[in-house]
K.L.:
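Dropping the structure in here first, questions after.
Residue numbers start from 1 in every chain, and the chains themselves are labelled A, B, ... in the order their sequence lines are given, proteins ahead of strands.
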Amino acid sequence: MTKNQKIISDKLLKWYDHNARLLPWRLFGGSKPDPYKIWISEIMLQQTTVQTVIPYFKLFIQKWPTVDQLCKSDLSEVLHLWSGLGYYSRARNLHLSSFLINSKYNNSLPSTESELLKLPGIGSYTAAAIMAIAFNKRAVVVDGNIKRVVSRLFSLEKPVKENYREIWDFTNLITPNIRVGDFVQSLMDLGSEICTPSRPKCYQCPVINNCQAKTNKKENFIPLKKRKLEKNFRNGASFFIRKGQKVLIYKRLDRGLLASLDALPSIGWDNQVDQRLEFIKKLEKKKISRIKHEFTHFTLNMDIYLVEYLENENSKLPKDFIWADINNLKKFSFPTLMQKILKKIIND
DNA sequence: TAACCGTGGCC
DNA sequence: TGGCCAAGGTT
């Protein structure tokens, strides 16, 4: 680490001492962080904003304060708490990992990158982040914020997606040997609050004099943005099949989109073949509404149909189908898409 | 490697 | 309004 690189980390740490965000998984005043909480927070924060995560994190820790408690839970409980948060494989992987940590590591998170990487749901970023933040061990942490901050500090013009290796090398150069956790979080807080994607607040930046992008007057153009692929449209149909005060719902397949979550029977949009849904095609239905829902990689237009299910059609239901009380749907694990559809039907 | 995997907020 | 973006991982 050269003198200038040490100046950068010193300035960032000093800034962090006075400007760190107060977040529920952070401890201050010399207390050691709880690796379990850091793990849960890091998984929840994958591609998810801090403000969205906070209430989910608090509920999660309240319900399962330790690995030991988590590994005694049912997957269905974890999915229920996770419903609405998105990227549901994270919940499945957390649950699975809790068993591994229980059986292989005596309920304590492993503290080496190679062992952390063996846990499902932990990749290169999360392993390094847990090393640094939970254990204060030196690791090179490169997340979305840090990619942008480092690109600007060293005037790296390439789009971040195409420049991982170079960004990693420069991040490595400025990563100190002490207070690694604080340093990593200082970069993240800086990226989140000051060195923002658009209109960075350079006038508040503690390392403005060390920033090569600023020196070159390129802070608004670095890193370069890459054009994204065009988003596709899909059409689907959801069925509100009613029998008195009950509605037919089912548990989705345990793989792919919205895996293992509860849903209204729906077809035509998720590239899945589910034999259990064949019976829908024979039902007498009436189109009552339509909603639009944005996924990351496609836009969904979902037609909503109402089916009045007659008492004498009491044929046997497929596996994992149940008649749910319309007034007690809270106990199920619906993704936001389904919550939107249900709200639309019940309000209309 | 590029597609897949959710959702909410911002401008 | 719609595209962008957020403490990415898996296949």
Side-chain angles (χ1 to χ4, degrees), chain A residues 20-21 23-26 33 37-57 79 82-94 96-97 116-134 139-149 159-162 164 171 181 183-193 195-199 223 225-234 252-261 263 269-272 292-300 333-340:
Chain A
R21 288 175 286 177
L23 302 173
W25 47 88
R26 284 185 179 170
K37 290 184 185 172
I38 299 303
W39 172 46
I40 302 299
S41 71
E42 286 302 336
I43 301 298
M44 284 188 170
L45 286 162
Q46 288 170 359
Q47 297 292 284
T48 310
T49 55
V50 166
Q51 289 312 312
T52 300
V53 163
I54 287 174
Y56 284 88
F57 175 82
L79 284 172
W82 211 271
S83 75
L85 191 56
Y87 286 144
Y88 298 96
S89 67
R90 295 183 294 176
R92 178 183 300 277
N93 286 331
L94 266 184
L96 179 54
S97 289
L116 286 165
L117 284 168
K118 290 178 186 168
L119 296 173
I122 294 184
S124 55
Y125 159 74
T126 305
I130 291 174
M131 287 292 291
I133 298 170
V140 180
V141 179
V142 179
D143 80 319
N145 286 308
I146 295 175
K147 285 174 185 169
R148 182 176 59 260
V149 172
V160 293
K161 270 193 189 312
E162 301 169 6
Y164 181 79
T171 308
F183 172 75
V184 163
Q185 294 179 93
S186 75
L187 278 178
M188 292 180 183
D189 283 19
L190 188 78
S192 165
E193 311 271 283
C195 195
T196 48
S198 62
R199 298 170 42 141
K225 294 185 167 87
K226 197 181 178 186
R227 256 209 199 97
K228 291 210 168 163
L229 296 174
E230 203 168 316
K231 215 188 221 184
N232 293 317
F233 285 88
R234 294 187 196 173
R252 292 173 55 77
L253 299 176
D254 62 5
R255 57 187 181 278
L257 196 56
L258 306 177
S260 298
L261 271 77
W269 60 281
D270 56 4
N271 289 338
Q272 294 202 332
K292 189 165 91 166
H293 187 77
E294 302 282 349
F295 288 90
T296 304
H297 51 301
F298 66 92
T299 298
L300 173 62
S333 304
F334 294 116
T336 297
L337 166 64
M338 289 299 155
Q339 291 176 26
K340 256 160 98 173

K.L.:
How is A/L258 classified with respect to the nucleic acid when contacts are heavy atoms under 4.0 Å: base, sugar-phosphate, or nothing?
P.N.:
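If one applies the 4.0 Å heavy-atom cut-off, A/L258 turns out to touch the sugar-phosphate alone, with no base involved.
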
K.L.:
Provide the full list of salt bridge (Lys or Arg N to Asp or Glu O under 4.0 Å) pairs with a residue in residues 117-131 of chain A, sequence neighbours left out, each pair given once.
P.N.:
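Salt bridge (Lys or Arg N to Asp or Glu O under 4.0 Å) check on residues 117-131 of chain A returns A/E115-A/K118.
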
K.L.:
Within the structure shown, what part of the strands sits under 4.0 Å from A/L85 by heavy-atom distance: base, sugar-phosphate, or nothing?
P.N.:
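Base contact.
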
K.L.:
Can you confirm whether A/Y56 sits close enough to A/T48 that some side-chain heavy atom of one is under 4.5 Å from a side-chain heavy atom of the other?
P.N.:
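SC-SC contact between A/Y56 and A/T48 ruled out.
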
K.L.:
Mind checking what makes side-chain hydrogen bond (donor to acceptor under 3.5 Å, both in side chains) contact with A/K292, not counting sequence neighbours?
P.N.:
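Testing A/K292 for side-chain hydrogen bond (donor to acceptor under 3.5 Å, both in side chains), a comparison that skips the adjacent residues, returns none.
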
K.L.:
For residues A/L337 and A/L300, determine if any side-chain heavy atom of one lies less than 4.5 Å from a side-chain heavy atom of the other.
P.N.:
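In short, these two side chains touch, coming nearer than 4.5 Å.
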
K.L.:
Produce a footprint string for nucleotides 5-11 of chain C: one letter per nucleotide, 5' end first; B if the base is under 4.0 Å from any protein heavy atom, S if only the sugar-phosphate is, - if neither.
P.N.:
SBBBSS-

K.L.:
So where does chain A start and stop touching DNA chain B, 5' to 3', when the test is distance under 4.0 Å to a non-hydrogen atom?
P.N.:
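So the contact region on DNA chain B extends B/dA3 to B/dG8.
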
K.L.:
Which heavy atom of A/R148 sits nearest a heavy atom of A/T196, and at what distance?
P.N.:
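That would be NE-C, 3.5 Å.
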
K.L.:
Could you pick out which residue, A/H293 or A/S198, lies toward the 5' side of DNA chain B when each is mapped onto its nearest nucleotide?
P.N.:
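By nearest-heavy-atom nucleotide position, the 5'-most residue is A/H293.
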
K.L.:
With rounding to the closest Å, how many angstrom separate the P atoms on C/dA7 and B/dA3?
P.N.:
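To the nearest whole Å, 24 Å.
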
K.L.:
Using a 4.0 Å heavy-atom cut-off across all strands, classify A/Q51 as base, sugar-phosphate, or nothing.
P.N.:
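The residue A/Q51 makes no contact with any strand.
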
K.L.:
With A/R234, which residues qualify under salt bridge (charged side-chain N to carboxylate O under 4.0 Å, His left out), at least two apart?
P.N.:
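Counting only residues at least two positions away or on another chain, A/R234 forms no salt bridge (charged side-chain N to carboxylate O under 4.0 Å, His left out).
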
K.L.:
Just jot down the side chain to side chain contact (heavy atoms under 4.5 Å, CB included) partners of A/T296, sequence neighbours excluded, or say none.
P.N.:
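Checked A/T296 against side chain to side chain contact (heavy atoms under 4.5 Å, CB included); matches are A/Y87.
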
K.L.:
Do A/K147 and A/V142 come close enough that some side-chain heavy atom pair is under 4.5 Å?
P.N.:
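Yes. Closest side-chain heavy atoms under 4.5 Å.
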
